[in-house]
Amino acid sequence: MNILILGSGGRESALAWKLAQSKKVEKVFVAPGNAGTMNYGTNLKINPNDFSEVKNAVLTSKVQMVVVGPEDPLVNGIHDFFLEDDELKSIPVIGPQSEAALLEGSKEFAKEFMKRHDIPTARYQSFTEDKLHEAYQFLEYLTPPYVLKADGLAGGKGVLILNDLEEAKKELKEMLSHHKFGEASAKVVIEDFLDGIEMSSFVLTDGENYVILPNAKDYKRIGEGDQGLNTGGMGAVSPVPFANAEFLEKVESRIIKPTVEGLKKDGIPYVGFIFIGLIKVNGEPYVIEYNVRMGDPETEVVIPRIKSDLADLLTAVADKKLDQFNLETDERSAATVMLVSGGYPASYERGKLISGLDQVKDSIVFHAGTDLKDDQVISNGGRVLSVTSFGKDFKEALKQSYQSIEKIDFDQMNFRKDIGFDL
Ligand code: AMP
Ligand code: GLY
């Protein structure tokens, strides 16, 4: 089988790495990929959001399955595009159609879905500009901190948490009236602040059945101790030590099952990954958000812990036979540490020569933002490399990643030295 993975980050590197190990897979294509994905297959210089380019590539390269990494092609309807095209409709796409992608593409849609299906989440109301006055009243009724969420996709920046009522009102007005996050904040969800510890569950569903993949916890802030600006993710561990069997049972019965059942009841087809951002409050799980894809860098710890053949697993999804699939996972822990460009997540320079990659023997280095220049690997993004290791627990895995990182260098390389600090 030939498989095309759409995307170019660490997540897509981990998917390509795993699929390249499958005997069922003849060729792996990654579009557009990076300098690391070339080690597992062929990079195609196409834009995942240009569906006619994707179609050409699929037909030319005889692709038999498409795995969508990031959310935007899904929200833009790539799966729908395949289903509506006579030449493409028999080729399975792993990733939901645009209606289900609203679980990530619209916070209001996700909140309404959870309310309808009794899935635990923070209480909320949503407002548009013409209801600014009511929105202020709702803020006055709540207690701080105040959580404001742009309804639409805002590149991970659309959530504000504010302690001061006046500041919350000011930011709300910025979002609704002055388009702080463009179209994405034309509607704002205001919700209760939940105080707890976060983690993520990953589910693969064929629309009827589901399998639960290894769970993970990521570290989003740039600075140690979870300080500073939000990033795409600076590191992750799997499994999450505080997620014991009792807690995970609650997650499955109160959240995962009702989510898959709810999609069915609503008549919304779903084929693909569901990434559920959870928070544990007084021992109980609540949903913070849904994403309709895998997480990055969570994929860099989740995928290495899957022992089963990933092509078999994804084929079972496409064939709606997940109920017959027995997922095998690695008992060991995995941890990943992201090496980022100096200045990220604000402005940073690209094009830095990366040294030492071939010295790393005891970790897997997934490329996130890299390119090749004169056959040398250079940085080409904020998040550059994700260094994953195994261990008997997350501490041992992290120790190995930090040892491997000592061998790697590029100008202004930065990383968090405290991944897992709160566990
Ligand atoms: P989201 O984009 O919805 O994941 O929100 C980004 C981050 O904001 C989450 O990872 C949480 O750390 C935080 N957050 C979102 N909603 C809440 C909430 N209701 N209570 C506390 N923290 C929240
Ligand atoms: N690491 C968080 C995300 O992928 O959204």
Side-chain angles (χ1 to χ4, degrees), residues 7 9-15 68-72 74-75 103-111 114 119-126 139 142-163 168 181 184-185 188-202 215-222 226-238 240 273-282 284-303 336-338 340 345 366 368 382-383 386 416 419 422:
R11 168 182 48 212
E12 290 74 22
S13 291
L15 291 167
V68 185
E71 64 279 12
D72 40 336
L74 296 167
V75 174
L103 281 180
E104 177 165 359
S106 163
K107 301 275 188 205
E108 186 188 43
F109 179 91
K111 294 301 269 190
M114 287 185 267
I119 295 167
T121 188
R123 286 183 310 164
Y124 79 102
Q125 279 195 36
S126 53
L139 282 175
L142 296 174
T143 49
Y146 304 96
V147 182
L148 309 180
K149 298 186 168 186
D151 177 59
L153 291 182
K157 298 194 170 68
V159 176
L160 300 180
I161 298 180
L162 304 151
N163 283 311
F181 299 109
S185 65
V188 173
V189 169
I190 303 179
E191 67 181 37
D192 273 344
F193 179 81
L194 298 175
D195 194 6
I197 186 160
E198 290 179 64
M199 62 165 288
S200 299
S201 275
F202 298 92
N215 57 52
K217 174 164 177 50
D218 83 332
Y219 291 81
K220 288 201 184 71
R221 303 293 195 93
I222 185 69
D226 281 347
Q227 302 296 315
L229 293 174
N230 251 325
T231 71
M234 297 293 290
V237 301
S238 174
V240 179
F273 297 98
I274 313 178
F275 161 173
I276 311 176
L278 298 167
I279 189 161
K280 182 179 176 184
V281 183
N282 300 324
E284 309 299 322
Y286 292 81
V287 177
I288 290 276
E289 63 165 348
Y290 286 111
N291 294 303
V292 297
R293 51 174 173 85
M294 285 298 290
D296 193 351
E298 292 91 330
T299 308
E300 291 93 299
V301 288
V302 169
I303 289 289
T336 200
V337 178
M338 210 30 109
V340 305
F366 293 117
R383 295 193 293 172
S386 181
R416 267 181 70 166
I419 298 304
D422 55 344

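Because only heavy atoms are used, hydrogens play no part in the values below, and waters and symmetry mates are left out as well, while side chains stay in. Start at 1 with the first residue, then count along the sequence. Just follow the structure's listing: the first ligand is 1, and inside any ligand the first atom is 1.
- Distances from atom 3 (O) of ligand 1 to the heavy atoms of K157, K107, K220, R221 put K107 nearest.
- Summary of contacts: the protein heavy atom closest to atom 5 (O) of ligand 1 is V159 CG2, 3.3 Å.
- Ligand 1 has a nitrogen or oxygen under 3.5 angstrom from a nitrogen or oxygen of L194.
- Atom CD of residue E289 and atom OG1 of residue T121 lie 10.5 Å apart, to the nearest 0.5 angstrom.
- Of the heavy atoms in N230, none comes closer than 4.0 Å to ligand 1.
- Taking atom 1 (P) of ligand 1 as the reference point, the nearest protein heavy-atom neighbour is E289 OE1, 3.5 Å.
- The protein heavy-atom contact nearest to atom 9 (C) of ligand 1 is E198 OE1, 3.5 Å.
- No side-chain heavy atom of E104 sits under 4.5 Å from any side-chain heavy atom of F275.
- Listed by number with element, the atoms of ligand 1 under 4.0 Å from a non-hydrogen atom of F193 are 20 (N), 21 (C), 22 (N).
- Residues D422 and Y219 form a side-chain contact, since some pair of their non-hydrogen atoms from C-beta on lies under 4.5 Å apart.
- Contact atoms of ligand 1 toward I288: 3 (O), 4 (O), 9 (C), 15 (C), 16 (N), 17 (C), 18 (C), 23 (C) (distance under 4.0 Å to a heavy atom of the residue).
- Considering only non-hydrogen protein atoms, atom 19 (N) of ligand 1 sits nearest to E191 OE2, 2.6 Å.
- Atom CZ of residue R416 and atom CG of residue D226 lie 4.5 Å apart, to the nearest 0.5 angstrom.
- Side chains of I288 and K149 form a contact here, defined as non-hydrogen atoms less than 4.5 Å apart.
- Within the 4.5 Å cutoff, the side chain of V340 has no heavy atoms near those of the T231 side chain.
- V68 has its side chain out of reach of R293: every pair of non-hydrogen atoms, C-beta onward, lies at least 4.5 Å apart.
- Side chain of D296 to main chain of R11: a donor-acceptor pair is present (N/O by atom type, distance under 3.5 Å, no hydrogens or angles).
- Given atom 14 (N) of ligand 1, the protein heavy atom at minimum distance is I161 CD1, 3.8 Å.
- Within the listing of ligand 1, atoms 3 (O), 15 (C), 16 (N) sit less than 4.0 angstrom from a heavy atom of K149.
- The shortest side-chain heavy-atom distance between K280 and M199 does not fall under the 4.5 Å cut-off.
- Using a 3.5 Å distance cut-off with no hydrogens or angles, the side chains of S106 and D151 do pair a donor with an acceptor.
- Taking a distance limit of 4.0 Å, we find that atom 17 (C) of ligand 1 is approached by some protein heavy atom.
- Taking 4.5 Å as the limit, every side-chain heavy atom of M338 sits out of range of all side-chain heavy atoms of I419.
- Protein residues with a heavy atom under 4.0 Å from ligand 2 are D218, K220, G232, F275, R293, G295, D296, P297, E298.
- At a threshold of 4.5 Å between non-hydrogen side-chain atoms, the residues V237 and V301 do not count as touching.
- Distances shorter than 4.0 angstrom do not occur between any heavy atom of I279 and any atom of ligand 1.
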